[in-house]
There are 2 protein chains.
Amino acid sequence: MVTIYDIAAKANVSAMTVSKVINNTGRISEQTRKRVKKVMEELNYIPNSNARSLVLQQTQILSLLITDITNPFYTSLARGAEDSAKKLGYRLLFGNSDEDYTKEQDYVDMILSTRVDGVLFAPAGDHSLKHLEKLRAHNIPFVIMDRAVPGIESDIVSGDSKQGARNLVEYLINLGHRRIALVNGSLDVSTARLRYQGYAEALQLHGIALDEELVIHKSYREYKDEDQLLQLLQQPSPPTAIFAANNFLAVGVINALRKRGIRVPEDMSVVCFDDLDLSSALDPFLTVAAQPAYQFGAMGIQLLVERIQGSAVPESRKVILPSELIIRSSARTIGK
Amino acid sequence: MVTIYDIAAKANVSAMTVSKVINNTGRISEQTRKRVKKVMEELNYIPNSNARSLVLQQTQILSLLITDITNPFYTSLARGAEDSAKKLGYRLLFGNSDEDYTKEQDYVDMILSTRVDGVLFAPAGDHSLKHLEKLRAHNIPFVIMDRAVPGIESDIVSGDSKQGARNLVEYLINLGHRRIALVNGSLDVSTARLRYQGYAEALQLHGIALDEELVIHKSYREYKDEDQLLQLLQQPSPPTAIFAANNFLAVGVINALRKRGIRVPEDMSVVCFDDLDLSSALDPFLTVAAQPAYQFGAMGIQLLVERIQGSAVPESRKVILPSELIIRSSARTIGK
DNA sequence: AACATTAGGGTTATCGATAACCCTAATGAG
DNA sequence: CTCATTAGGGTTATCGATAACCCTAATGTT
């Protein structure tokens with residue numbers, strides 16, 4: 001690999017002069033500058049960012065840790081983050097924890113040893129606390145995405161899970177549904193708790209008793225376990241509608257229903273949080289509370305960079321992006 | 001940040017001893033080793049991989065450059081690559097070129113300056129040649145994914161686009177279709193050329209003349225331009241079936257058709273390359289030639305690491321993964 | 001004319017870790 | 001008892017780039 005010393009030798013200057021040309025600092029005559037630049041091109045010089053980072057104590061790299069790269073919500077978020085990072089002059093190091101705390105821990109160590117300038121962190125859940133504390137202990141700025149983690153104060157960009165859930169459930173109630181089931185994510189994820197609360201509030205507001213028999217808490221990703229769903233349906237007074245707490249759960253629920261010959265929406269209404277992008281483009285079927293995932297990422301990077309550059313207020317900032325109720329055809333009036 | 005010198009001072013040894021403990025090299029007594037390790041934990045030491053990379057001349061980082069992070073094909077591929085990289089002890093630096101040569105170039109420079117050990121490269125198209133040549137000029141090993149680039153010899157993992165296309169078109173022919181349109185990607189992408197060839201061969205094999213009026217070449221991502229499609233349909237002898245060269249194009253085509261009140265598959269059959277994952281899980285509708293995207297990534301990393309570690313044969317290796325024809329309901333027998 | 005500036009560039013130390021080599025006391029061999 | 005080994009660890013130089021400071025000749029000032 002060619003280094004600034006190679007350039008220096010060939011251009012008959014010192015390495016420092018080359019460095020000054022590269023960074024546009026110091027006093028260099030136009031003549032010398034041109035000569036150096038020409039040699040740089042001839043030798044195909046590419047600066048070594050490891051060496052640079054070592055002395056500058058900064059890398060111009062941000063890390064984005066998401067929990068599921070196959071989920072459209074996170075890939076849209078990633079694109080928002082990437083575009084925003086690029087605009088601000090940062091590179092992005094992606095990580096994918098697969099909703100797995102062990103993988104998440106590995107990534108945190110990797111992040112620390114890479115000395116990234118900051119982290120956009122979508123936590124797997126409440127137990128991510130110690131990973132965030134580790135980042136903080138090492139003074140790495142971070143912004144939390146999507147899921148709040150009790151016990152940690154920080155900038156965060158999230159959706160309005162409670163309100164979104166309320167909107168969906170009220171929509172179902174307005175269609176005449178009274179027995180509404182909730183297929184939720186794990187309760188150690190903040191969004192799952194809030195969606196549960198929104199669900200409960202909507203019911204209460206309309207004088208409907210919350211029946212815990214109608215609520216399942218599993219994981220946002222285990223959308224293939226059908227046993228619990230079966231139990232749900234075999235109750236004396238089964239639900240007429242199901243609120244799935246995210247897109248993957250909705251797909252799992254609908255698949256399971258169809259396998260049993262239960263049609264959606266004819267026999268069962270289904271709504272969910274998060275849109276499906278391509279799916280919905282192909283077939284506008286699922287009624288959802290869609291979140292502006294791209295904005296999540298773009299906004300997150302912006303907050304993060306402000307934090308890194310010290311231009312942010314000292315207090316932590318909470319950005320809550322509203323979700324949009326998109327009514328399609330997976331739910332219908334009860335009885336008809 | 002804590003360095004090995006801090007550890008050394010507190011443990012009353014030299015920095016070199018700490019380094020030896022970390023890397024398990026040299027001769028260190030069990031007693032000293034334990035003492036050093038204890039101090040490392042107390043101080044929460046994390047090695048600086050930039051410093052390490054500088055002297056070792058290797059980073060343990062691989063780069064994965066894809067062309068569209070919102071396409072399920074590439075996200076599955078990314079997961080395969082990630083799992084495989086992790087297993088082999090490498091970190092993964094993602095990049096997303098958005099099918100844009102300029103972005104791709106930026107990423108190549110970034111990759112070079114990061115001094116990654118190797119690159120898994122999904123090229124935007126034929127003009128990626130100069131980017132690959134640049135990598136080669138700098139002696140960075142790479143494996144090409146999905147799309148071959150004329151003019152460059154290298155390891156490559158790709159699908160069998162020609163065969164997959166033939167299968168799809170023959171399937172349509174067997175259903176009785178004779179007027180079959182092709183909505184293709186840009187011809188400066190190898191897979192688009194091969195899918196076109198497969199399409200042509202299938203027609204020829206069955207004695208059907210290829211009518212260029214039925215062929216559109218656009219981009220794999222511009223699936224929203226409906227004008228050309230309109231022309232296609234307004235011909236004297238319009239097509240009865242459409243072969244879309246990838247999943248996004250299929251979605252665009254179907255949307256455009258529906259907007260005009262043309263039903264799929266009743267009025268028009270549609271098939272395509274690449275599956276839609278979530279969509280297909282929700283609604284097994286599109287008949288597709290599905291590629292094993294996860295294997296693409298996993299296999300790619302494996303080839304790459306073999307290349308890096310010098311355990312590969314000197315000749316470049318071409319891995320071709322077959323696609324699978326999945327028949328669902330977006331195409332039907334003509335006339336019925 | 002004498003001194004102060006400044007343009008243009010060079011020297012040296014440093015970031016954190018490791019390779020290559022060196023050193024010393026203790027142990028072993030004969 | 002004497003010399004050779006070895007266990008255990010330390011010294012020094014190096015990776016590539018930059019910060020901080022230094023140096024010299026030319027230019028400007030009064």
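Residue numbers start from 1 in every chain, and the chains themselves are labelled A, B, ... in the order their sequence lines are given, proteins ahead of strands. Side-chain atoms are counted along with the backbone in the values below, which use heavy atoms only and exclude waters and symmetry mates.
- We find that CG of Leu56(A) is positioned 15 Å from C1' of dA13(C), with the value rounded to whole Å.
- Here the C1' atom of nucleotide dA17(C) and the CZ atom of Arg115(A) are 11 Å apart, to the nearest Å.
- Atom CG in Asp6(A) sits about 11 Å away from atom P in dC15(D), given to the nearest Å.
- Between Gln60(B) atom CD and dA17(C) atom P the separation is 17 Å, expressed in whole Å.
- Taken residue by residue, residues 9-35 of chain A places heavy atoms nearer than 4.0 Å to DNA chain C at Val13(A), Ser14(A), Met16(A), Thr17(A), Lys20(A), Arg27(A), Ile28(A), Ser29(A), Thr32(A).
- Taking 4.0 Å as the cut-off between side-chain N and carboxylate O, Glu153(A) and Lys318(A) count as a salt-bridged pair.
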Please list, pair by pair, any protein nitrogen or oxygen found under 3.5 Å from a nitrogen or oxygen in nucleotides 25-29 of chain C.
none

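- One can place CD1 of Ile4(B) at 16 Å from P of dT14(C), the figure rounded to the nearest angstrom.
- Between Arg91(B) and Glu82(B) no salt bridge is recorded (no basic side-chain N to carboxylate O distance below 4.0 Å).
- Qualifying salt bridge (Lys or Arg N to Asp or Glu O under 4.0 Å) partners for Asp155(A), counting only residues two or more places apart in sequence or in other chains: Arg307(A), Arg317(A).
- The overall bend of the helix from dA1(C)-dT30(D) to dG30(C)-dC1(D), read as the angle between its terminal helix axes built from five base pairs each, is 40° when rounded to 10 degrees.
- What separates CE of Met1(A) from P of dG16(D) is a distance of 10 Å, to the nearest Å.
- For the pair Met40(B) CE and dA17(C) C1', the interatomic distance rounds to 13 Å; values are reported in whole Å.
- Leu54(A) approaches Ala51(B) most closely through the heavy-atom pair CD1-CB, 3.7 Å.
- Not counting sequence neighbours, the partners of Asp109(A) by the salt bridge (Lys or Arg N to Asp or Glu O under 4.0 Å) test are Lys134(A).
- Across Ala122(A) and Tyr74(A), no two heavy atoms sit closer than the pair CB-CE2, 3.9 Å.
- Under the 3.5 Å distance criterion, the side-chain polar atoms of Ser128(B) are left unmatched by any main-chain donor or acceptor of His131(B).
- Residues forming a side chain to side chain contact (heavy atoms under 4.5 Å, CB included) with Asp188(B) (at least two apart in sequence, or on another chain): Tyr101(B), Asp126(B), His127(B), Ser186(B).
- Across Leu43(A) and Val2(A), no two heavy atoms sit closer than the pair O-CG1, 3.4 Å.
- The phosphate of dG16(D) (OP1 or OP2) has no side-chain N or O of Arg52(A) nearer than 4.0 angstrom.
- In this structure, Glu99(B) pairs ionically with Arg147(B), as a charged nitrogen and a carboxylate oxygen lie closer than 4.0 Å.
- One interatomic measurement links the two molecules: CG of Leu54(A) to P of dT14(C), which rounds to 14 Å at whole-angstrom precision.
- Closest of all the heavy-atom pairs between Gln295(B) and Leu321(B) is CB-CD2, 4.0 Å.
- Remark: Tyr45(B) is in phosphate contact with dA17(C), judged by side-chain N or O atoms under 4.0 Å from OP1 or OP2.
- Look at Gln57(B) and you'll find a side-chain N or O under 4.0 angstrom from OP1 or OP2 of dG16(D).
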